[in-house]
Amino acid sequence: QVQLVESGGGLVQPGGSLRLSCSGSGSTFSRYTIHWLLQAPGNEREWVATISSSGGDRNYADSVKGRFTISRDNYKNTVYLQMNSLKPEDTAVYYCKLHGGSWGQGTQVTVSS
């Protein structure tokens with residue numbers, strides 16, 4: 001069973017950048033498509049981005065296209081979410097998730113001046 005741990009969240013000013021990391025345990029991490037999702041206060045979780053097992057296919061929600069980039073390093077068992085031009089409405093807990101499998105515990109991103 002692959003376990004996921006997110007890191008890299010924090011407080012950033014509008015227009016700033018953060019890079020989130022999703023580290024996975026186990027030798028099968030590289031076989032999985034990975035999703036990033038967010039949950040803002042009082043809202044349901046919503047999808048942000050997806051990357052295929054090889055990294056060749058990437059998809060984004062319209063709200064983050066052109067600002068966020070998902071990538072992975074399978075040698076390090078890690079998926080990244082580079083977030084640029086952050087807006088206050090990006091404030092949320094960000095989760096990574098195995099396709100059809102487990103979730104991480106989440107990392108808080110707060111965009112505020």
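Only this structure's heavy atoms are used, side chains among them; waters, hydrogens and symmetry mates stay out.
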Residues sharing L11's hydrophobic cluster, by side-chain heavy-atom contacts under 4.5 Å among ILVMFWY, directly or via others?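 For L11, no cluster forms, as it stays isolated from other hydrophobic side chains.
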Remaining members of the apolar cluster that contains V48, side-chain heavy atoms under 4.5 Å: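 Members besides V48, by chain and number: V2, L4, V12, L18, L20, F29, Y32, I34, W36, L38, I51, Y60, V64, F68, I70, V79, L81, M83, L86, Y94, L98, V109, V111.
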Taking every non-hydrogen atom, the tightest pair across [X] and [Y]:
X: S112; Y: P14; answer: C-CD, 3.6 Å
X: S17; Y: S85; answer: OG-N, 4.4 Å
X: S53; Y: N74; answer: O-ND2, 3.0 Å
X: T33; Y: H35; answer: CG2-CE1, 4.0 Å

side-chain hydrogen bond (donor to acceptor under 3.5 Å, both in side chains) partners of residues 2-11, not counting sequence neighbours, each pair once: none
Give a yes or no on whether V93 and L37 share a hydrophobic cluster (residues Ile, Leu, Val, Met, Phe, Trp, Tyr; joining criterion: side-chain heavy atoms under 4.5 Å apart).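 Linked, V93 and L37 end up in one cluster.
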N77 side chain vs G26 backbone, donor-acceptor pair below 3.5 Å: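 At least one qualifying donor-acceptor pair exists.
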Okay, side chain of W103, backbone of Q105: is any donor-acceptor separation there less than 3.5 Å?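 Looks like no, no N/O pair under 3.5 Å.
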Over 12 foreign heavy atoms within 6.0 Å of CD, E89: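 It does: E89 CD has more than 12 such atoms within range.
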Let's go through N59 and W47 carefully: what are the C-alpha distance in whole Å and the side-chain angles of both, what is the deciding distance for side chain to side chain contact (heavy atoms under 4.5 Å, CB included) to 0.1 Å, and is it a yes or a no? CA-CA 10 Å; N59 292 282; W47 171 71; 4.0 Å; yes
So the salt bridge (charged side-chain N to carboxylate O under 4.0 Å, His left out) pairs with at least one residue in residues 66-84 (sequence neighbours excluded) are R67-D90
Can you find a pair of side-chain heavy atoms, one from R58 and one from S52, that are under 4.5 Å apart?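 R58 vs S52: side chains apart.
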Does some side-chain heavy atom of Y80 sit less than 4.5 Å from a side-chain heavy atom of T69? no
Contacts of E46 that satisfy side chain to side chain donor-acceptor pair (under 3.5 Å) - sequence neighbours left out: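 Applying side chain to side chain donor-acceptor pair (under 3.5 Å) to E46 gives none.
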For D57, all residues meeting salt bridge (Lys or Arg N to Asp or Glu O under 4.0 Å), sequence neighbours excluded: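 Residues passing salt bridge (Lys or Arg N to Asp or Glu O under 4.0 Å) with D57: none at all.
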